[in-house]
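Counting from 1, the numbers follow the sequence of the chain as shown. Read the numbers this way: they start at 1 and go in the same order the structure lists the ligands and their atoms.
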Amino acid sequence: MTAGHLAQSSSLAGVIVRCMECSADFPGDRALTGCPACGGLLDVVTPLSAIDRALFGTGLTGAMAHSGVWRYWPLLPAIPREAVVSRWEGNTPLYEDARLADYAGMNGEVRIKHEGHNPTASFKDRGMTVGVSHAKAIGARIVACASTGNTSASLASYASSGGLASLVLIPDTKVSMGKLAQTVAYGSTVVQVAGDFDAALAVLRELTAAYDVYLVNSVNPFRLEGQKTIIIEAMEQYAWNPPDYIVLPGGNLGNTSAFGKALIELVEIGLIPRAPKLVVVQAEGASPFAKWFRNGYRDYAPMHADTVATAIKIGNPASIPRAKRAVDFTGGIVTSVSDEEILDAKAEIDRIGIGCEPASAASLAGLRQLVAAGQIPASASAVCVLTGHVLKDTDAVSDYHFSDRDGHPRPGANRPIRVEPTLAALERTLADALHG
Ligand code: F0G
């Protein structure tokens, strides 16, 4: 599972990765995406005894000094600074709006951590700054991913910023044009694979095992280190007093894994008194993890994925064992929601002026479902993580507002009104608004 024969760098000498299955340790100066001994998933080892929160944000220069990821460098792998590629990622807002709690059926506080405010408009930038920097540090020339669109947009941007070539494999099922446009514009080589995301990732793993091509999909433990900072930053914004629940969408389950690792570490070093429960929400048509969870973790079965939330249209998530560890550590819940529940929750998030792409809205839809089912108390506090920006998928917006569901406009559909170009016509059309 080593990527080809990439040069090993002595500058990463202190960094260790550990297999979560057999606990074997390996040096962090190579491109490992699985344990060379048993094939298990790997974690970067964080030297927790040395962490001092007073060091957060200190001693950084250049772009790193502005990054909401590198700010937490004591909890991140010690990558040589000259290799770091940063685009001032992170520093995302933590919104509060009472209408979110109303929608979820709650009287407790509901907040939104909006990862669409990253440089390429999704949470992927947090992992990419660490993944691409690690690739540079070990001398990789080509970085690659399979993607439903956001990882590829982020990879393309970071690779080009750092002077590396990038290769992207996309499925030939629907990928948002906006995400593909970013990837092409930032200069990646894009290959469309005749198959779904799972097929694209499988064939890319074969390629990266055989050639000097560095894989940045979330099986790469360095990428997850960057994604940990969504949680670290959120907890700092909560002044280290966590809410009861953290709710996020689940696709390939890299983010779930990263959130779990962050929470384990924050509890261990005493930065937070307890771990909030992780709630992972999948789309019903792409919900192998939710099915497995509901089945008491018996008989795991991948599935053929189908959902309107193309970002999480994944039937065989690569990080299942790490995601299970995360959910179990926090006493969390895994559930799934229908496409219509996702779209209605998205319309609500959009309408209050915040906005997100469909996959992101699975979080609020899942929260609402679990409150209605009595699995989450209405008085609890929760933060929903929105993973991508509303402009990532404009087709989803126009489909929702401009086309009917079962012969009727959807709830809250907002259609442009066509008028003749005269003042009289405008006055007639807007009479209620103008005089109301
Ligand atoms: N939300 C968005 C907007 C995503 O793009 C993704 C994953 C997820 C949620 C799920 O995160 O895979 O860590 O569970 N997108 C990947 C991609 C698969 O290729 O862009 P996950």
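With respect to the salt-bridge test (charged N to carboxylate O, under 4.0 angstrom), the residues Arg18 and Asp43 do not qualify. With respect to the salt-bridge test (charged N to carboxylate O, under 4.0 angstrom), the residues Lys228 and Glu265 qualify. Remark: Glu236 does not engage Arg53 in a salt bridge, criterion side-chain N to carboxylate O under 4.0 Å. A salt bridge is absent between Lys124 and Glu115: the closest approach of a Lys/Arg side-chain nitrogen to an acidic carboxylate oxygen does not fall below 4.0 angstrom. Salt bridge Lys291/Glu284: absent, no basic N to carboxylate O contact under 4.0 Å. A salt bridge links Arg111 and Glu109; the closest N-O separation between the charged side-chain nitrogens and carboxylate oxygens is under 4.0 Å. Note on Glu233 versus Lys113: salt bridge recorded, some NZ/NE/NH1/NH2 to OD/OE distance being below 4.0 Å. Taking a cutoff of 4.0 Å between a charged side-chain nitrogen and a carboxylate oxygen, Glu341 and Arg368 do not qualify as a salt bridge.
The nearest protein atom to atom 17 (C) of ligand 1, hydrogens excluded, is given as Thr151 OG1, 3.0 Å; this is a heavy-atom distance. The single protein non-hydrogen atom nearest to atom 11 (O) of ligand 1 is Phe123 CZ, 3.6 Å, given as residue, atom name and distance. The closest protein non-hydrogen atom to atom 5 (O) of ligand 1 is Asn150 ND2, 2.8 Å. For atom 1 (N) of ligand 1, the closest non-hydrogen atom on the protein side is Thr387 OG1, 2.7 Å. Of the protein's heavy atoms, Ala311 CB, 3.5 Å lies nearest to atom 4 (C) of ligand 1. Ranking protein heavy atoms by distance to atom 12 (O) of ligand 1, first place goes to Asn252 N, 2.7 Å. Summary of contacts: the protein heavy atom closest to atom 15 (N) of ligand 1 is Lys124 NZ, 3.0 Å. Of all protein heavy atoms, the one closest to atom 13 (O) of ligand 1 is Asn255 N, 2.8 Å.
At least one heavy atom of Ile314 lies less than 4.0 angstrom from ligand 1. The shell of residues lying under 4.0 angstrom from ligand 1, judged by heavy atoms, includes Ile312. No heavy atom of Ser218 sits closer than 4.0 Å to any atom of ligand 1.
If you number the atoms of ligand 1 from 1 as listed, the ones under 4.0 Å from a heavy atom of Gly254 come out as 13 (O), 14 (O), 21 (P). Those atoms of ligand 1 that come under 4.0 Å of a heavy atom in Thr148, given as number and element, are 15 (N), 16 (C), 17 (C), 18 (C), 19 (O), 20 (O). For ligand 1, the atoms lying closer than 4.0 Å to a non-hydrogen atom of Glu357 are 3 (C). Every atom of ligand 1 with a heavy atom of Ser147 under 4.0 Å away is listed here by number and element: 17 (C), 19 (O), 20 (O). Near Gly250, with a cut-off below 4.0 Å to any heavy atom, the atoms of ligand 1 are 14 (O).
With hydrogens and angles ignored, the 3.5 Å screen pairs a side-chain donor or acceptor of Asp244 with a backbone N or O of Ser381. Counting only distance, with no hydrogens or angles, the side chain of Thr208 and the backbone of Arg205 share a donor-acceptor pair below 3.5 Å.
Taking CG of Asn295 as the start and OH of Tyr300 as the end, the distance is 13.0 Å to the nearest 0.5 Å.
Here's the thing with Phe197: none of its N/O atoms is less than 3.5 angstrom from an N/O atom of ligand 1.
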